[in-house]
Amino acid sequence: MTEVKRQPPHAVGILGGMGPAAGADFVRLFVQACTRQLHEQGRPVHDQAYPEHWLVQLPMPDRTQALRGDPQSPLGPAPHLLQGMGRLAALGVRSVALACNTAHAWHGQLQALFPQLHVLHIARQTAAHLQAAGARQAIVLATQGTYDSGLYDAALARHGIAPLLPDAAGRAQLMRGIYEGVKQGDMALATQCFGAALVPLLQRHGNVPVIMGCTEIPLALPQAPQALGTQLIDPAWLLAMALARDAYGLQAQESEHAA
């Protein structure tokens, strides 16, 4: 039997540093996603089967704070995002994943300035996944910056899914869990805050899918008792799967260049 000759996987990039723990965890998710792709393609799993992938971890200024002021400020994240993308482009990668939900507020700018790269879009991947699963509404847990940018509102609306958002108290709990919890290494506090923010939404809307729309929320929310039995959706995992598909030259779920 003639063995099918396969093209080697493409080099891909991950732009992290937002925060560093989430960027490092995204690499773990990407390797898991590649393993799944190898199994699904019936390919042997060994070291040489994994794609070249580069993680750029830059000390990135706060995205939410920037979106509340001037998103293009030279003191904000925009110059750092551009610098990171430039470094990845110089390394010859084919596709880039932003390991931060809020940073996708700059997605259009990054894609326009680096047309040779495929800049994946985390919210569009998530919305396409939920639509395929038949969801009509979903709870969105995220940073205030992500809420302000309407990132998930727009992506979900394009797929006929209604976003269900927390009130001001719930958003404050989420921000505390992210900034005082995960970013400072206090995972117990993060788990407590995320669980507390989720309860009123489940009481109000029932057991609908819950989008963990900040790459640091999946690091703590699944351990919360309040999340037991809920349909937790990890956009970072969906983004990692999309990056793995791009690395192996497979068609993505969602056209990332869509407006």
Side-chain angles (χ1 to χ4, degrees), residues 12-24 26 54-127 140-158 163 165-166 168 171-172 174-176 178-180 182-183 211-217 235-236 239 242-243 246 254-259:
V12 296
I14 300 162
L15 185 52
M18 307 173 278
F26 188 85
W54 296 87
L55 170 65
V56 172
Q57 290 263 46
L58 296 176
M60 199 77 63
D62 187 78
R63 280 70 60 204
T64 291
Q65 183 177 351
L67 290 173
R68 289 175 172 173
D70 177 9
Q72 299 302 321
S73 168
L75 301 178
H80 297 264
L81 290 166
L82 293 172
Q83 180 186 25
M85 290 289 291
R87 291 183 179 182
L88 289 169
L91 290 166
V93 305
R94 168 191 174 113
S95 303
V96 175
L98 306 177
C100 171
N101 283 262
T102 312
H104 283 72
W106 289 269
H107 176 275
Q109 178 184 10
L110 297 175
Q111 184 63 82
L113 291 174
F114 294 91
Q116 75 275 34
L117 302 180
H118 181 195
V119 186
L120 294 158
H121 195 291
I122 196 168
R124 294 177 192 163
Q125 292 292 335
T126 302
V140 181
L141 304 181
T143 65
Q144 187 59 52
T146 294
Y147 292 130
D148 290 344
S149 70
L151 177 72
Y152 277 95
D153 293 9
L156 291 172
R158 281 197 296 268
L165 310 180
R171 296 184 188 197
L174 291 170
M175 292 293 280
R176 185 183 181 210
I178 292 166
Y179 285 87
E180 297 179 28
V182 177
K183 288 185 183 295
I211 298 173
M212 297 183 287
C214 169
T215 46
E216 287 164 324
I217 291 177
L239 186 65
L243 188 63
D246 264 19
E254 177 80 353
S255 172
E256 300 308 324
H257 298 282

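Reckoned from all heavy atoms, side chains included, excluding hydrogens, waters and symmetry mates.
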> In a check of side chain to side chain contact (heavy atoms under 4.5 Å, CB included) between Ile211 and each of Thr126, Asn101, Ile217, which one passes?
Replying inline: Thr126
> If you take all heavy atoms of Pro235 and Gly213, which pair is closest and at what distance?
Replying inline: CG-CA, 4.4 Å
> Taking side chain as C-beta onward, heavy atoms only, is Leu243 less than 4.5 Å from Ser95?
Replying inline: yes
>> Other residues, nucleotides and ligands only: do more than 12 of their heavy atoms fall within 6.0 Å of CD on Gln65?
In response: no
> Under 4.5 Å between any side-chain heavy atoms of Met18 and Thr102, yes or no?
Replying inline: no
>> If you define the side chain from C-beta out and look only at heavy atoms, does anything of Leu120 sit under 4.5 Å from Gln125?
In response: yes
>> Ignoring hydrogens, what is the shortest heavy-atom contact between Met60 and Gly16? Give both atom names and the distance.
In response: CE-O, 3.9 Å
> What closest approach, in Å, do Pro79 and Ser73 show between heavy atoms, and which atom pair accounts for it?
Replying inline: CD-O, 3.7 Å
> Under 4.5 Å between any side-chain heavy atoms of Trp106 and Arg63, yes or no?
Replying inline: yes
> Would you say Gln111's side chain and Leu117's backbone share a donor-acceptor pair under 3.5 angstrom?
Replying inline: yes
>> So, taking the atom named CD in Gln83 and the one named CG in Leu88, what distance separates them when rounded to the nearest 0.5 Å?
In response: 10.5 Å
> Can you check whether Leu165 reaches Tyr152 side chain to side chain, under 4.5 Å on heavy atoms?
Replying inline: no
> Just by distance, do the side chain of His107 and the backbone of Ala103 share a donor-acceptor pair under 3.5 Å?
Replying inline: no
> In Å and rounded to the nearest 0.5 Å, what is the CZ to CD distance from Arg68 to Gln144?
Replying inline: 5.5 Å
> How many angstroms lie between CG in Leu141 and CZ in Arg171, if you round to the nearest 0.5 Å?
Replying inline: 11.0 Å
> Just wondering, do Thr146 and Val140 contact through their side chains at under 4.5 Å, heavy atoms?
Replying inline: no
> Are any of the side-chain heavy atoms of Thr143 and Leu174 separated by less than 4.5 Å?
Replying inline: no
> What is the minimum heavy-atom distance between Gln72 and Ala78, and which atoms define it?
Replying inline: OE1-CB, 3.8 Å
>> Is the shortest side-chain heavy-atom distance between Leu98 and Leu110 below 4.5 Å?
In response: yes
> To the nearest 0.5 Å, how far apart are CG in Leu67 and OG in Ser149?
Replying inline: 6.0 Å
> Does the pair His121 and Leu151 meet the rule for a side chain to side chain contact (heavy atoms under 4.5 Å, CB included), with working shown?
Replying inline: CA-CA 10 Å; His121 195 291; Leu151 177 72; 3.5 Å; yes
>> To check you understand the geometry: which heavy-atom pair defines the closest contact between Thr64 and Asp62, and what is its length?
In response: N-OD2, 3.2 Å
>> Please report the interatomic distance SG(Cys214) to CE(Met175), rounded to the nearest 0.5 Å.
In response: 8.5 Å
> What closest approach, in Å, do Ala89 and Gln116 show between heavy atoms, and which atom pair accounts for it?
Replying inline: CB-NE2, 3.8 Å
> Can you tell me how far the NE2 atom of His104 sits from the CG atom of Leu81, to the nearest 0.5 Å?
Replying inline: 10.5 Å
>> Going by salt bridge (charged side-chain N to carboxylate O under 4.0 Å, His left out), name the residues that satisfy it together with Arg176, two or more places apart in sequence or in a different chain.
In response: Glu180
